[in-house]
Amino acid sequence: MLKIKDIEKYIDDSLLESIFREREDELYVELKNEDEDIIEIKQKYDVDYEKLINKIKNLPPHFNNTREEIIKSLDKYIMRENLIRAYDNEKFYKAGFCDGIRIIIENLKNK
């Protein structure tokens, strides 16, 4: 796989970072209009944070300490998963962008 250092004479990390952030913002807006597959998945697996919190809060009173620990663990789990997903998205987007640049450069070399 092509690394950023392989094309640094064509593009630097700050430019790649800037392009990634702009595209990330565009995709965030586009994702608000979810496609049918995502809507179907959400309907099939109808669970969200608020529903989970309400279920946890409805545990019997003698589970007070456990309730708070479950909520803290759930919050940490969600944060971890979001950070991992963001890291993976950034890594794959940047790698794809670098691959695109490599294709363009190879194409220009062969002309």
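Owing to the predicted nature of the structure, the values given are computational and were not obtained by experimental measurement. Heavy atoms only: backbone and side chains are in, while hydrogens, waters and symmetry mates are out.
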Inset, instruction - May I ask you to say whether Asp48 pairs ionically with Lys42, meaning some side-chain N is under 4.0 Å from a carboxylate O? - result: no

Inset, instruction - Could you tell me whether Arg21 and Glu90 have a side-chain N and a carboxylate O separated by less than 4.0 Å? - result: yes

Inset, instruction - Mind running side chain to side chain contact (heavy atoms under 4.5 Å, CB included) on Ile84 and Glu81 for me, showing each step along the way? - result: CA-CA 5 Å; Ile84 290 170; Glu81 292 302 306; 4.3 Å; yes

Legend entry - Gap between atom CG of Asp75 and atom CG of Leu52 - 0.5 Å precision: 10.5 Å

Legend entry - CG on Asn82 to CG on Asn89, rounded to 0.5 Å: 10.5 Å

Legend entry - Whether over 12 other heavy atoms sit under 6.0 Å from Lys57 NZ: no

Legend entry - same_hphob_cluster(Leu74, Val47) at 4.5 Å side-chain heavy-atom cutoff: yes

Legend entry - Side-chain touch Tyr49/Ile53, heavy atoms, less than 4.5 angstrom: yes

Legend entry - Close side-chain approach of Asn64 to Arg67, heavy-atom, < 4.5 Å: yes

Inset, instruction - Apply the test side chain to side chain contact (heavy atoms under 4.5 Å, CB included) to residues Leu59 and Ile70: give CA-CA distance (whole Å), side-chain angles for both, the deciding distance (0.1 Å), then the verdict. - result: CA-CA 11 Å; Leu59 288 172; Ile70 292 171; 4.2 Å; yes

